[in-house]
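Taking it in order: structure first as structure tokens, then the write-up.
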Amino acid sequence: MRHRLLPALAALAAAATLTLSGCASGTGAGAAQADAPPNPDGTPRTLRIGYQAIPNGDLIVKDLRWLEQALPHTRVTWSRFESGGDVNTAMVAGSIDIGLAGSSPVTRGLSAPLNIRYRIPWIFDVIGENEALVARTATTVGALKGRKIATSFSSTAHYSLLAALGEAGLTEGDVTLVDLEPPDIQAAWTRGDIDAAYTWTPVLGELRKTGKTLVTSKQLAAKGKVTADLAVVRTAFADKYPKALRAWLTQQDRAVKLVRSDRNAAAAAVGRQLNLPPAEAARQIGQLVLLDAGQQAGPDYLGTPGKPGRLADDLHNAARFLHGQKKIPSVPDLTVFQQGLATKELHDAFPG
């Protein structure tokens, strides 16, 4: 079995170059730079971040250049990705150090055959009304039988779509699924090529102007299908550069607190990154659940070094679902997901 899995991993790694050039924007740094000796203060010479256009604290940190200020001797590069599947590809290739991926692709990343060596140091957001299934004419999920539905495969939206279909008594075979990234979903919707789509903001907002929302990820979470946008950090990077990871975590916590203390400033930063008016950016931020460091260390989320949080159980449940959908070959033990939570790193950054 191990030898049969190696070609898949090799192909995924080889595809990373295409992913970085075709699905990411910004200035990336090569693997050689990642292996360069550290700065005299122990920080990396380059920190390569993969982000997505999601209205959470990560965009605030990027827009206000807080990380560059916190790590003055480090060259910080930001590369945009359209989905967590692409982030997984880049992680396998060692092309980024920290990235954003939804809980579904992270579940797949921690499972065979990928078994990506990364950990989860932060929860960017718990997904709520910012991801949803929108239809052109259907008024119920069940009415989508025989219709063409677009989503980004291996994403949290894909996971939620399958869950929504199951809740309505439909199987994957009852509909035609189309694998599209959000910008392509918007284009296909405009052309009339698809009947429905499960996607996220800001594209979701455009679809909602002419379509009907059938179900949101917030509604599915109430039924036990919780999804979140997670940070993943390469294990080798976290072990080699703990100071840099602490700085990164500190800025993420700072961004969440800015949202709470000065929503206008936070919305202005997100709006600049997404090319949205501040009022619309504020509305989209409000559709997410953002957690500060203290909440992240609580039992419902990452937890503490001695007591891993329930995020591990959520990922384990997602793995069961994905295995039932034949998306992964087996369900890892719960300990795989517990060990995948970077609780020590979070505690080191916020010991109080």
Side-chain angles (χ1 to χ4, degrees), residues 49 51-71 76 78 98-103 106 120-132 156 200-202 204-205 216-219 221-222 226-233 244-304 309-311 314 341-343 345-352:
I49 298 175
Y51 76 101
Q52 293 191 51
I54 297 172
N56 56 32
D58 205 28
L59 291 188
I60 297 172
V61 173
K62 178 179 183 293
D63 185 79
L64 299 179
R65 297 184 61 80
W66 286 346
L67 194 55
E68 288 82 353
Q69 297 164 24
L71 297 170
V76 180
W78 296 81
I98 299 175
L100 183 157
S103 48
V106 171
I120 305 163
W122 189 254
I123 301 170
F124 285 114
D125 57 78
V126 178
I127 297 172
E129 295 176 344
N130 66 303
E131 280 193 14
T156 51
W200 53 87
T201 54
L204 176 62
T216 70
S217 293
K218 180 179 180 179
Q219 292 169 317
V226 179
T227 52
D229 290 313
L230 308 175
V232 286
V233 58
L245 183 55
R246 285 196 298 272
W248 183 89
L249 286 165
T250 299
Q251 304 316 311
Q252 293 294 333
D253 184 59
R254 182 182 177 189
V256 172
K257 289 174 177 173
L258 180 68
V259 171
R260 296 174 180 177
S261 65
D262 192 343
R263 178 62 67 94
N264 290 337
V270 169
R272 285 190 293 268
Q273 290 297 309
L274 296 180
N275 195 28
L276 293 174
E280 175 60 18
R283 188 187 69 81
Q284 293 189 14
I285 292 170
Q287 294 178 333
L288 297 166
V289 178
L290 304 182
L291 309 167
D292 63 27
Q295 292 170 309
Q296 303 250 354
D300 287 337
Y301 301 108
L302 287 171
T304 62
R310 279 193 280 274
L311 176 61
D314 291 335
L341 306 184
T343 52
E345 288 81 353
L346 182 64
H347 180 266
D348 289 346
F350 305 98

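Only this structure's heavy atoms are used, side chains among them; waters, hydrogens and symmetry mates stay out.
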Residues two or more places apart in sequence or in another chain: which of them pass side-chain hydrogen bond (donor to acceptor under 3.5 Å, both in side chains) with D125?
-> N56
Pairwise distance CG(D314) to CD1(I123) - rounded to 0.5 angstrom = 8.5 Å
What distance do I60 atom CD1 and I285 atom CD1 have between them, rounded to the nearest 0.5 Å?
-> 5.5 Å
In Å, rounded to the nearest 0.5 Å, how long is the span from CG of L274 to CD of Q284?
-> 6.5 Å
Rounding to 0.5 Å, atoms OH (Y301) and CG (L230) come to a distance of 12.5 Å
Which heavy atom in P278 sits nearest to a heavy atom in A267, and how many Å separate them?
-> O-CB, 3.5 Å
Partners meeting side-chain hydrogen bond (donor to acceptor under 3.5 Å, both in side chains) with E345 (sequence neighbours left out) | R119
Between Q252 and D58, what is the shortest heavy-atom contact and its length?
-> NE2-OD1, 2.9 Å
With side chains defined as the heavy atoms from C-beta onward, is the minimum distance between L100 and Y51 less than 4.5 Å?
-> no
Where A70 and Q251 come nearest, the two heavy atoms and their spacing = CB-NE2, 3.7 Å
Backbone of D253 reached by a side-chain donor or acceptor of Q296 within 3.5 Å = no
Applying side-chain contact (heavy atoms from CB on, under 4.5 Å), run through L276 and V270 and close with a yes or a no.
-> CA-CA 8 Å; L276 293 174; V270 169; 5.7 Å; no
Sequence neighbours excluded, the answer for side-chain contact (heavy atoms from CB on, under 4.5 Å) partners of A265 is L258, D262
Side-chain touch L341/I120, heavy atoms, less than 4.5 angstrom = yes
Verify whether one side chain among T227 and E131 offers a donor that lies under 3.5 Å from an acceptor in the other.
-> no
Close side-chain approach of L245 and I98, heavy atoms under 4.5 Å = yes
Quick one: pull up CG in L311 and OG1 in T343 and give me the separation to the nearest 0.5 Å.
-> 11.0 Å
Counting distance only, does the side-chain N/O of S103 pair as donor-acceptor with the main-chain N or O of A228 below 3.5 Å?
-> yes
Distance-only polar pair, side chains of W200 and Q287, donor-acceptor under 3.5 Å | no
Of all the heavy-atom pairs spanning V256 and L291, show the shortest one and how long it is.
-> CG2-O, 3.5 Å
Interatomic distance, CD@E68 vs NZ@K62, rounded to 0.5 Å, equals 8.5 Å
Quick one: side-chain contact (heavy atoms from CB on, under 4.5 Å) partners of A231, sequence neighbours excluded?
-> P121, W122, F124, W248
Write down the atom of T201, the atom of L204, and the distance for their closest heavy-atom approach.
-> N-CB, 3.7 Å
Got a sec, which residues hit side-chain contact (heavy atoms from CB on, under 4.5 Å) with D63, two or more places apart in sequence or on another chain?
-> A269, R272, Q273
Which atom of L346 lies closest to which atom of A293, heavy atoms considered = CD2-O, 4.5 Å
side-chain contact (heavy atoms from CB on, under 4.5 Å) with Q219: which residues, sequence neighbours excluded?
-> V215, T216
